[in-house]
Amino acid sequence: MKRWDILEKRAKTEWDKAVEAISEVRRRLDEQETLCERVQKIAEQYQEKIKATQGSATHFGDIQLYRTSLKDMQHAVGSIRKQIAVLQAELTRKQRVLTQVEIERQKYQKLVEREKERTAKVVARQEAREMDEISVQLHYRKSKLA
């Protein structure tokens, strides 16, 4: 029985690690999505400034600076989206691992339960034998006394 308990505890430990890894990836994914939204808002602001400055007589350097900054923001958004895709793939892998670990954990849990049931049945049989033996002895004693 101890072997199944040990294996169940190991599976539970692995399950805990997998859950922790998934939560870490989700946290990083949330951070990247928030960062992407912020960078997109900044890029939109640069686009608005470019539109606003093109209509008026402004310095060419300002427009060029906004365009360069807009390209940098668009590049950053692309990089962040790639990172988000990588994190989503990692999350999918870790969720598969969690599923496998959960199956293992449940398997060992069932084995532990079966072992406990077997032990309970053995104890019940042993007690039944002892009770039968006692009743046979009592019956034998009654027949001797009579």
Q.
Per the side-chain hydrogen bond (donor to acceptor under 3.5 Å, both in side chains) rule, what does the pair list look like for residues 8-18, sequence neighbours excluded?
A.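 Output for this query lists Lys12-Asp16, Trp15-Glu102.
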Taking only residues at least two apart or on different chains, which pairs with a member in residues 38-48 satisfy side-chain hydrogen bond (donor to acceptor under 3.5 Å, both in side chains)?
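Every candidate side-chain hydrogen bond (donor to acceptor under 3.5 Å, both in side chains) pair involving residues 38-48 fails, so no pair, neighbours aside, qualifies.
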Give the minimum heavy-atom separation between [X] and [Y], together with the two atoms involved.
{"X": "Leu87", "Y": "Arg28", "answer": "CD2-NH2, 3.0 Å"}
{"X": "Val77", "Y": "Cys36", "answer": "CG1-SG, 4.1 Å"}
{"X": "Ile80", "Y": "Gln32", "answer": "CG2-O, 3.4 Å"}
{"X": "Val39", "Y": "Met73", "answer": "CG1-O, 3.5 Å"}
{"X": "Leu70", "Y": "Ala43", "answer": "CD1-O, 3.3 Å"}

Which pairs with one or both residues in residues 121-140 pass salt bridge (Lys or Arg N to Asp or Glu O under 4.0 Å), sequence neighbours excluded?
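Those involving residues 121-140 do not exist here.
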About how many Å separate [atom2] of [Y] and [atom1] of [X], when rounded to the nearest 0.5 Å?
{"X": "Leu91", "Y": "Ser23", "atom1": "CG", "atom2": "OG", "answer": "10.5 Å"}
{"X": "Ile22", "Y": "Leu29", "atom1": "CD1", "atom2": "CG", "answer": "12.5 Å"}
{"X": "Tyr108", "Y": "Leu7", "atom1": "OH", "atom2": "CG", "answer": "4.5 Å"}
{"X": "Ser79", "Y": "Gln74", "atom1": "OG", "atom2": "CD", "answer": "12.0 Å"}
{"X": "Arg93", "Y": "Arg96", "atom1": "CZ", "atom2": "CZ", "answer": "8.0 Å"}
{"X": "Arg81", "Y": "Gln88", "atom1": "CZ", "atom2": "CD", "answer": "11.5 Å"}

* Asked: Linking I/L/V/M/F/W/Y whenever their side-chain heavy atoms sit closer than 4.5 Å, directly or via other members, would Val25 and Val19 fall into one cluster?
  ->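 Per the 4.5 Å side-chain linkage, Val25 and Val19 are co-clustered.
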Are Ile42 and Leu65 grouped together when hydrophobic residues (ILVMFWY) are joined by side-chain heavy atoms under 4.5 angstrom apart?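 Per the 4.5 Å side-chain linkage, Ile42 and Leu65 are not co-clustered.
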| said: Checking Arg118 now: which residues fulfil salt bridge (charged side-chain N to carboxylate O under 4.0 Å, His left out) with it, not counting sequence neighbours? | reply: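 With sequence neighbours excluded, Arg118 shows a salt bridge (charged side-chain N to carboxylate O under 4.0 Å, His left out) to Glu115, given in chain and number order.
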Ile134: which other cluster members, linking ILVMFWY side chains closer than 4.5 Å, directly or transitively?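 Leu138, listed by chain and number.
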Task: Basic-acidic side-chain contact under 4.0 Å: Lys94, Glu24 - done: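 Result for this pair is no, no salt bridge flagged.
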The criterion is side-chain hydrogen bond (donor to acceptor under 3.5 Å, both in side chains); which residues satisfy it with Glu31, sequence neighbours excluded?
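Scan of Glu31 (side-chain hydrogen bond (donor to acceptor under 3.5 Å, both in side chains), adjacent residues dropped) gives Arg27.
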